[in-house]
Amino acid sequence: MALIDIGDLQFGGTGRTKQDALFNAIRDKIVAQLWSKGAKLPSTRKLAEELSLSRNTVVHAYEQLHAEGYLESKAGSGHFVALELPDQFVSTADTGDKQDFSEQPQTINWAFSPGVPDLAQFPHQKWQRLLMRHMGRTSLLAANNIQGDMQLRQALCHYLATSRSVVCNPECIVITSGAQQAVAIATLLTVKQDRRLLMEQPGYAQMAKVITLFNCSLEPAPVAPKRGLDFDAVERSDAKTIYVTPSNQYPLGTTLDINQRLRLIEWARDRGGWIIEDDYDSEFQFAHRPYPSLQGLAAKMGHEQHVIYVGSLSKVMFNGLRLGYLVLPQSMVAEALTIKDALSGDSPTHTQAALADFIHEGDLIRHIRKMRRLYKQKHQLMVTMIERYFADSVEIISQAAGLHVTLRWYGFISEQDWTERARENNIVIRPFSYYEQHQPRPVRNWSGAVLGFGNVTLDDIEPKIRTLAEIFKS
């Protein structure tokens with residue numbers, strides 16, 4: 001039940017008596033739809049106190065509003081805005097555009113939207129119980145540690161060590177408001193006197209936004225379909241920082257093998273530079289076993305001071321979680337906390353506590369194993385349906401990993417037209433040009449698009465691919 005706060009209710013000079021003035025003021029609020037239908041008004045006693053009126057004045061005004069059809073009265077419950085207004089004001093009340101606030105899938109989460117996991121498969125009830133477990137903790141209602149919940153940092157240490165060979169301790173982890181804040185802090189830590197930063201091209205558009213916001217110079221580290229990162233171009237650059245997605249390059253889906261990872265670590269060591277390792281999607285490799293993290297390899301070589309590890313559980317759990325983390329060299333932690341304090345202060349406390357339990361109690365690992373099997377099925381079905389309905393018209397150029405496939409084709413429809421016409425059919429695909437942030441953009445003789453399959457059901461994959469193929473060939 002919505003309760004009305006009288007707020008800026010004004011009634012002076014709008015009637016011959018105080019009762020008339022109050023009647024007109026309340027009626028105007030109702031007619032203008034500033035007080036919603038069915039909402040409960042303050043009691044006569046409370047309204048009289050707030051407006052410094054006699055209670056009789058308020059009682060008579062309410063009675064008049066009720067008599068004329070603006071209010072409804074329920075014995076023992078109070079007065080409510082009428083669900084149906086008097087006829088003379090119906091047209092006035094309905095002239096404004098009505099908004100439908102019923103829960104509808106957001107267009108950004110439609111079928112094939114990249115970066116959205118299977119939201120229906122998340123253990124919602126378990127997560128709700130964990131949140132409720134901590135809601136009564138008064139200590140979590142106050143300001144908390146900028147670095148993040150200690151229990152969560154300990155849980156992440158264990159998880160990262162066992163799954164990604166990351167070498168760290170809780171004091172080296174900083175919890176952030178999503179991976180986006182993590183890469184922003186990493187950028188500010190590494191790009192100081194030298195404002196240049198090497199970044200994979202094509203690459204993660206959100207990182208390019210960070211580089212632009214901080215007025216840095218984006219130097220392209222070219223990535224070729226199926227061949228991967230151009231190390232010769234990287235080594236020719238004088239920049240000291242590079243941003244990479246080594247487990248599943250976004251969007252081309254190549255992987256840095258062990259030798260390439262070692263070469264990149266030596267590059268950072270030789271110039272006293274840094275690698276910002278965004279290890280997204282490392283949990284979902286379907287074609288081969290995941291390689292150890294760059295951070296873990298660097299630590300074994302005694303060079304962990306050259307790697308900043310960025311992680312997030314948004315793709316594993318759900319996008320709205322908005323919790324990420326940094327694994328930092330110890331020498332960078334204090335400055336990172338200063339930056340985070342300036343950007344946002346501490347992170348949501350109840351969510352951190354629930355996430356710590358989610359990891360400690362094994363729910364995260366169980367969910368990852370379940371989703372790894374499901375996403376492998378979805379990827380295989382995507383490949384099968386693309387081959388069936390597109391035949392040789394398109395080529396899948398990404399590896400069997402993550403939550404998306406990247407397509408390449410020659411001729412046919414342009415990637416922009418395909419994107420627009422797909423949206424008309426409630427399907428979201430992303431044109432390849434979206435991932436090319438460096439100007440001038442490279443000249444391509446082919447077109448491309450990225451299709452995310454995370455939040456599409458198995459049953460929807462075939463009809464949606466068939467629709468895309470019909471649009472493509474028309």
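Given the structure is predicted, the values throughout are model-derived calculations rather than measurements.
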- Task: Decide, yes or no, whether a salt bridge links Arg129 with Glu361 under the criterion of side-chain N to carboxylate O below 4.0 Å.
- Result: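 Between Glu361 and Arg129 there is no salt bridge, as every charged N stays at least 4.0 Å from the carboxylate O atoms.
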- Item | Charged N-O contact under 4.0 Å between Lys29 and Asp8 |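 Answer for the salt bridge query: yes.
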Less than 4.5 Å apart, side chain to side chain, heavy atoms only: is that true for [X] and [Y]?
X: Thr351; Y: Trp127; answer: yes
X: Asp149; Y: Asn145; answer: no
X: Ile173; Y: Cys157; answer: yes
X: Tyr62; Y: Leu41; answer: yes
X: Thr212; Y: Gln437; answer: no
X: Arg27; Y: Leu65; answer: yes
X: Gln330; Y: Val333; answer: yes
X: Leu189; Y: Leu328; answer: yes

Any luck finding a side-chain donor-acceptor pair between [X] and [Y] under 3.5 Å?
X: Ser217; Y: Arg196; answer: no
X: Gln305; Y: Ser331; answer: no
X: Ser77; Y: Lys40; answer: no
X: Ser293; Y: Glu277; answer: no
X: Gln285; Y: Asn248; answer: no

Counting distance only, does the side-chain N/O of [X] pair as donor-acceptor with the main-chain N or O of [Y] below 3.5 Å?
X: Gln399; Y: Gly253; answer: yes
X: Gln295; Y: Val167; answer: yes
X: Lys340; Y: Ile146; answer: yes
X: Thr349; Y: Leu140; answer: yes
X: Glu462; Y: Met385; answer: no
X: Glu72; Y: Glu84; answer: no
X: Asn144; Y: Ala142; answer: yes
X: Arg261; Y: Pro292; answer: yes
X: His367; Y: Val316; answer: yes
X: Gln352; Y: Leu152; answer: no

More than 12 heavy atoms of other residues, nucleotides or ligands under 6.0 Å from [atom1] of [X]: is that the case?
X: Met132; atom1: CE; answer: no
X: Arg195; atom1: CZ; answer: yes
X: Lys240; atom1: NZ; answer: no
X: His124; atom1: NE2; answer: yes
X: Gln439; atom1: CD; answer: yes
X: Lys370; atom1: NZ; answer: yes
X: Arg369; atom1: CZ; answer: no

- Evaluate side chain to side chain contact (heavy atoms under 4.5 Å, CB included) for Met207 paired with Asp278, printing each intermediate quantity in order. CA-CA 10 Å; Met207 181 60 184; Asp278 188 342; over 6 Å; no
Taking atom [atom1] of [X] and atom [atom2] of [Y], what is their separation to the nearest 0.5 Å?
X: Tyr375; Y: Asp281; atom1: OH; atom2: CG; answer: 9.5 Å
X: Phe80; Y: Ile4; atom1: CZ; atom2: CD1; answer: 10.0 Å
X: Lys126; Y: Arg366; atom1: NZ; atom2: CZ; answer: 7.0 Å
X: Glu49; Y: Thr44; atom1: CD; atom2: OG1; answer: 10.0 Å
X: Glu420; Y: Gln416; atom1: CD; atom2: CD; answer: 7.5 Å
X: Ile211; Y: Leu218; atom1: CD1; atom2: CG; answer: 4.0 Å

So, for [X] and [Y], which heavy atoms are closest and what is the spacing to 0.1 Å?
X: Ala221; Y: Val234; result: CB-CG2, 4.0 Å
X: Arg423; Y: Trp110; result: O-CZ3, 3.6 Å
X: Pro246; Y: Leu294; result: CG-CD1, 3.8 Å
X: Met371; Y: Asp118; result: CE-CB, 3.6 Å
X: Asn319; Y: Pro117; result: OD1-CD, 3.0 Å
X: Ala111; Y: Val456; result: CA-CG2, 3.8 Å

- Message: I need the single residue from Thr254, Leu252, Thr255, Val223 that forms a side chain to side chain contact (heavy atoms under 4.5 Å, CB included) with Leu229. Which is it?
- Response: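 So the option named by the test is Val223.
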- Message: Run Ser165 and Lys300 through side chain to side chain contact (heavy atoms under 4.5 Å, CB included) and show every step you take.
- Response: CA-CA 10 Å; Ser165 299; Lys300 286 185 178 180; 5.8 Å; no
- Qualifying residue, where the test is ring-ring contact (aromatic ring centres under 6.0 Å, His included) with Phe358 and the options are Tyr159, Phe122, Phe318: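 Among Tyr159, Phe122, Phe318, the one that satisfies the ring-ring contact (aromatic ring centres under 6.0 Å, His included) with Phe358 is Phe122.
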- Item | Passing option when His404 is tested against Phe112, Tyr435, Tyr250, Phe284 for ring-ring contact (aromatic ring centres under 6.0 Å, His included) |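 Output: one option passes, namely Tyr250.
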- Task: Determine, step by step, whether Tyr325 and Arg153 satisfy the side chain to side chain contact (heavy atoms under 4.5 Å, CB included) criterion, reporting the C-alpha distance in whole Å, the side-chain angles of both residues, the deciding distance to 0.1 Å, and the verdict.
- Result: CA-CA 9 Å; Tyr325 52 89; Arg153 287 185 278 136; over 6 Å; no
- Apply side chain to side chain contact (heavy atoms under 4.5 Å, CB included) to Tyr291 and Leu256, showing your working. CA-CA 8 Å; Tyr291 294 108; Leu256 296 185; over 6 Å; no
- Item | Geometric class of the His379/Phe286 ring pair [parallel <30°, tilted 30-60°, perpendicular >60°] |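 Geometry flag for His379 against Phe286: tilted rings.
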